[in-house]
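Encoded as structure tokens, the structure appears first; notes follow it.
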Amino acid sequence: MSARGLSDFPAVYDDHVWDVYGFFGYRVRSREEAEDLTQATFERALRSWGRFDEKRGSARTWLMSIAHNLLVDHYRRDRSDHHHPVPVDEHDGLVGAAGPEASLGLSPDLRTALESLHERDREVIALRFGGDLTGPEVAEITGLSLANVQQILSRSLRRLRAELDGKRAGQQAP
């Protein structure tokens, strides 16, 4: 059992809320969805705070494991449109109607490039860069070896770069 008391939870929230939100930002389609899942993560963490054991891992890794499991549950419940990208077009009235406050902070080009990756690759990218986790922390959460995580990151970043460079080249062509 953790030696931490319930009074320590607000500090843990303050320290890690943006890591959790960032992870969801790489994985879901809207700000509202990322906010809802972030809230659900911390609700679940608060309910099980007494079982958190800091000897077994950091609070951040524990929270990201909860977030990861929530995302898996989220996709299992609603498979309707999560795996089919919605076309992003600046002339689409729906994009403009959402307003800047609905943005997750990812450019449309990056969002499209991320959607071109395999599910596992997006997961590793989201944990590493959205959740700001280290390679060993990503390996712990996903159950992959560190070497595999590093290989996935390297390969995925090359694919993202190629996709983004191809998009830019297409925009510059006359």
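Qualifying salt bridge (Lys or Arg N to Asp or Glu O under 4.0 Å) partners for Arg120, counting only residues two or more places apart in sequence or in other chains: none. Remark: Ser116 engages no residue in a side chain to side chain donor-acceptor pair (under 3.5 Å) (not counting sequence neighbours). By the side chain to side chain donor-acceptor pair (under 3.5 Å) test, Ser48 pairs with no residue at all, sequence neighbours left out. Applying the side chain to side chain contact (heavy atoms under 4.5 Å, CB included) test to Phe129 and every residue at least two apart in sequence or in another chain returns Tyr26, Ile125, Leu153, Leu157. The side chain to side chain donor-acceptor pair (under 3.5 Å) check on Arg56 picks up nothing, with sequence neighbours excluded. Partners of Ala113 under the side chain to side chain contact (heavy atoms under 4.5 Å, CB included) rule, at least two apart in sequence or in another chain, are Leu160, Glu163, Leu164.
The side-chain heavy atoms of Arg155 and Asp121, taken from C-beta on, include a pair separated by under 4.5 Å. In this structure the side chain of Met64 never reaches within 4.5 angstrom of the side chain of His16, judged on heavy atoms.
Residue pairs meeting the side-chain hydrogen bond (donor to acceptor under 3.5 Å, both in side chains) criterion with at least one partner in residues 125-135, sequence neighbours excluded, are Thr134-Glu137. The salt bridge (charged side-chain N to carboxylate O under 4.0 Å, His left out) contacts involving residues 36-50 comprise Arg44-Asp73, where partners must be two or more places apart or lie in separate chains. Sorted by first and then second residue, the salt bridge (charged side-chain N to carboxylate O under 4.0 Å, His left out) pairs involving residues 139-150 (not counting sequence neighbours) form an empty list.
Using bins of under 30°, 30° to 60° and over 60° for the plane-to-plane angle, the ring pair Phe9/Phe42 lands in the perpendicular bin. Phe52 and Trp49 have parallel rings, their planes meeting at less than 30° on a 0 to 90° scale where 60° marks the start of perpendicular.
When all heavy atoms of Ala34 and Val28 are compared, the closest pair comes out as N-CG2, 3.6 Å. Taking both residues in full, the closest heavy atoms of Arg122 and Glu115 are given as NH1-O, 3.4 Å, listed atom of the first, atom of the second, then distance. Closest heavy-atom contact between Arg159 and Leu117: CB-CD2, 3.8 Å.
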Table please: side-chain donor-acceptor pairs of residues 144-151 below 3.5 Å, with sequence neighbours left out.
from, atom 1, to, atom 2, distance (Å)
Ser145, OG, Asn148, N, 3.0

